[in-house]
Amino acid sequence: KLMGLYLAIFDEDDELDGVEVGTYSDFSTFRDAVVRNLERGQAGSRFPTLILHSDCDGQWSVKAAAALETELQTITKEFLNLPPIPLDGWKNEIANTFGLDPKNLGDSFFDVDGEPLLERLLGLARLAQKRRLPILFQ
């Protein structure tokens, strides 16, 4: 099984929320789409919090979560005007299972439960700020 990326917020031992993004390469594909379509190939030029953070470990701090929320709101709006990308691998299965038919670039990215990835990441960023807890890369 491929290594999956899980982003979560914990309050001590209690998991408050988490997003199973998919594989690390899925997260890379998502970030590559941001760089290619919204940053004109200049990684981190508009969305440094999302794009420049290492995906292998660490966290987004509460302060970073505020910046992340702003970036994700912009990405969400701008992805609405871009065409979807073809789905492959597990994404095809999830799309078929949940009847997903991407109409724009934003719709092309969802978590393993078929939930919109941008919406789920926005939720984590907001919860991190509300509870004053970091978003952990698992």
Side-chain angles (χ1 to χ4, degrees):
K1 188 176 187 264
L2 293 168
M3 269 299 281
L5 175 60
Y6 188 66
L7 300 171
I9 299 174
F10 288 91
D11 188 352
E12 308 212 356
D13 289 339
D14 290 337
E15 182 178 328
L16 302 181
D17 196 9
V19 178
E20 200 167 334
V21 175
T23 64
Y24 283 91
S25 65
D26 293 316
F27 194 57
S28 250
T29 301
F30 166 64
R31 295 204 294 189
D32 290 347
V34 172
V35 172
R36 189 173 51 258
N37 292 286
L38 306 183
E39 294 187 321
R40 298 181 182 190
Q42 301 297 311
S45 60
R46 293 184 63 202
F47 307 105
T49 309
L50 174 68
I51 301 301
L52 301 179
H53 191 287
S54 166
D55 67 6
C56 40
D57 62 62
Q59 64 183 28
W60 274 308
S61 65
V62 175
K63 184 178 175 192
L68 185 64
E69 179 182 5
T70 302
E71 290 179 13
L72 291 168
Q73 287 171 327
T74 302
I75 292 165
T76 299
K77 278 187 212 127
E78 294 185 22
F79 269 19
L80 285 173
N81 301 315
L82 295 168
I85 56 172
L87 303 177
D88 57 11
W90 67 268
K91 290 191 160 207
N92 265 331
E93 293 173 38
I94 296 289
N96 290 335
T97 302
F98 294 102
L100 303 177
D101 181 21
K103 303 285 188 236
N104 60 59
L105 191 54
D107 291 349
S108 301
F109 298 101
F110 42 85
D111 68 11
V112 299
D113 298 317
E115 297 292 322
L117 183 60
L118 283 159
E119 207 173 282
R120 295 287 286 123
L121 294 175
L122 266 168
L124 277 184
R126 290 176 178 140
L127 182 62
Q129 293 169 81
K130 182 178 174 189
R131 298 295 298 269
R132 309 219 31 83
L133 295 164
I135 299 169
L136 304 177
F137 283 70
Q138 303 274 283

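Numbers for residues simply follow the sequence, beginning at 1.
Here the closest heavy-atom approach between residue Thr49 and residue Ala67 is recorded as OG1-CB, 3.4 Å. Here the closest heavy-atom approach between residue Phe109 and residue Ala33 is recorded as CZ-CB, 3.7 Å. Minimum interatomic distance between Pro102 and Pro84 (heavy atoms only, all atoms of both residues): O-CG, 3.5 Å. Between Ala65 and Ala128 the shortest heavy-atom distance is CB-CB, 3.7 Å. Taking every heavy atom of both residues into account, Val35 and Gln42 meet most closely at CG1-N, 4.1 Å. When all heavy atoms of Gly44 and Ile51 are compared, the pair lying nearest together is N-CG2, 3.6 Å.
Listed for the Asn104 side chain is no donor-acceptor partner under 3.5 Å among the backbone atoms of Asn81. Remark: side-chain polar atoms of Glu39 are paired, donor with acceptor, to backbone N or O of Ser45 under 3.5 angstrom. Looking only at distances, a side-chain donor or acceptor of Ser108 sits under 3.5 Å from a matching main-chain atom of Ile85. With Glu115 contributing its side chain and Arg120 its backbone, the two residues share no donor-acceptor pair below 3.5 Å.
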Subject >> Step-by-step side-chain contact (heavy atoms from CB on, under 4.5 Å) determination, Leu68 to Leu50 >> reply: CA-CA 6 Å; Leu68 185 64; Leu50 174 68; 4.0 Å; yes
Original post:
Asp26 and Thr23: side chain to side chain donor-acceptor pair (under 3.5 Å), yes or no, with the steps?
Top reply: CA-CA 5 Å; Asp26 293 316; Thr23 64; 2.9 Å; yes
Subject >> Steps toward side-chain contact (heavy atoms from CB on, under 4.5 Å) verdict (Glu71, Val34) >> reply: CA-CA 11 Å; Glu71 290 179 13; Val34 172; over 6 Å; no
Original post:
Do Phe30 and Leu121 pass the side-chain contact (heavy atoms from CB on, under 4.5 Å) test, and can you show the C-alpha distance, the side-chain angles, and the key distance before you say yes or no?
Top reply: CA-CA 12 Å; Phe30 166 64; Leu121 294 175; 4.0 Å; yes
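Note: Ile135 CD1 to Ile9 CD1 = 5.0 Å, rounded to the nearest 0.5 Å. One finds the CG atom of Leu105 at 5.5 Å from the CG atom of Asn37 (value rounded to the nearest 0.5 Å). Taken from CG in Leu100 to CD1 in Ile94, the straight-line distance is 8.0 Å, to the nearest 0.5 Å. Taken from CD in Gln138 to CD in Glu20, the straight-line distance is 11.5 Å, to the nearest 0.5 Å. Atom CG of Leu133 and atom CG of Leu16 lie 6.5 Å apart (nearest 0.5 Å). Note that CD of Gln59 and NE2 of His53 are 7.5 Å apart. Values are rounded to the nearest 0.5 Å.
Evaluated for a side chain to side chain contact (heavy atoms under 4.5 Å, CB included) with Leu7, the options Asp17, Asp111, Leu124 yield exactly one hit, Leu124. Among the candidates Tyr24, Trp60, Tyr6, the single residue satisfying the ring-ring contact (aromatic ring centres under 6.0 Å, His included) test with Phe137 is Trp60.
Hydrophobic clustering keeps Phe27 apart from Leu87 (ILVMFWY residues linked when any side-chain heavy atoms are closer than 4.5 Å, directly or through intermediates). Under a hydrophobic-cluster definition in which Ile, Leu, Val, Met, Phe, Trp and Tyr are linked whenever side-chain heavy atoms come within less than 4.5 Å, directly or via other members, Leu136 and Leu72 are assigned to different clusters. Following chains of ILVMFWY side-chain contacts shorter than 4.5 Å, one can reach Ile75 starting from Leu82, so the two form part of one hydrophobic cluster. Following chains of ILVMFWY side-chain contacts shorter than 4.5 Å, one can reach Leu5 starting from Leu52, so the two form part of one hydrophobic cluster.
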